[in-house]
Amino acid sequence: MAIISISLDDESVEALDRITEVLGLKGRSEAVRFSIKSATAEIKETDDFDDTVEGVLVIVHEHHCNQWMSIIQHKYEPLIKTQMHSHLKNGKCLEIMIVSGDSEPFSKMVREIHSTGEAKYLKFVKS
């Protein structure tokens, strides 16, 4: 097993310790391995499509004053059949989108959402 060194901000260290505690893991290394497995499963879930995709995309992000989400929604408008925007506590926003269409542009949209670093939570539920 390889040993690596990483730098984490305080918030990430707290999250890692919380993962360790809640899941009853033996230490931070196990929490990192669990997090990598979870992220890998998430990637597989959004990349493992045939030619078409259909389902619900759930996104939580900071306040809507930042226009990144509107730009993405307009760019991928043909995929988005219905959408709902709702304001949450602490200035966060919830986006729920019913999507249906070709898998290639959908995968690009999800990668673009991730790459902005703005989404605090993103989950796709296949139909």
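All values derive from a computational prediction rather than experimental measurement.
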Hydrophobic cluster identity match, Leu25 and Leu16, side-chain contacts under 4.5 Å: no
Side-chain heavy-atom pair Leu23, Phe34 within 4.5 angstrom cut-off: yes
Cluster check Met84, Leu88: I/L/V/M/F/W/Y, side chain < 4.5 angstrom: yes
Test item: Leu94 and His85 side chains (from C-beta on) under 4.5 Å apart, heavy atoms: no
Reported CD-to-CE distance for the pair Glu62 and Met69, which is rounded to 0.5 angstrom: 12.0 Å
Arg33 side chain near Met1 side chain, heavy-atom distance below 4.5 Å: yes
Asp9 (side chain) donor-acceptor with Ser12 (main chain) under 3.5 angstrom: yes
Verdict with reasoning, Lys92 to His61, per side-chain contact (heavy atoms from CB on, under 4.5 Å): CA-CA 6 Å; Lys92 290 188 168 80; His61 60 91; over 6 Å; no
CD1/Ile3: more than 12 non-hydrogen atoms of other groups inside 6.0 Å: no
Cluster check Val58, Met109: I/L/V/M/F/W/Y, side chain < 4.5 angstrom: no
Same cluster (ILVMFWY, side-chain, under 4.5 Å), Ile96 and Tyr121: yes
Criterion side chain to side chain contact (heavy atoms under 4.5 Å, CB included) against Ile59, the qualifying member of Lys120, Lys123, Met97, Glu118: Met97
Joint hydrophobic cluster, Val60 plus Trp68, side-chain heavy atoms closer than 4.5 Å: no
Under-4.0 Å salt bridge between Glu112 and Lys75: yes
Note: Arg18-Glu14 ion pair, threshold 4.0 Å (strictly below): no
Heavy-atom closest contact (Asp17 atom, Arg28 atom, distance): OD1-NE, 2.7 Å
Ring pair (Phe, Tyr, Trp, His ring centres under 6.0 Å) between Phe106 and Tyr76, worked out: CA-CA 8 Å; Phe106 175 75; Tyr76 296 98; 9.0 Å; no
From Ile80, Ile113, Ile98, residue fulfilling side chain to side chain contact (heavy atoms under 4.5 Å, CB included) relative to Leu57: Ile113
Nearest heavy-atom neighbours spanning Thr20 and Ala31: OG1-CB, 3.2 Å
Pairwise distance CD1(Ile19) to OG(Ser38) - rounded to 0.5 angstrom: 8.0 Å
Check: Ser127 side chain, Glu54 main-chain N or O, donor-acceptor pair, under 3.5 Å: yes
Minimum side-chain heavy-atom gap Pro105-Leu79 below 4.5 Å: yes
CD (Glu104) with more than 12 external heavy atoms under 6.0 Å: no
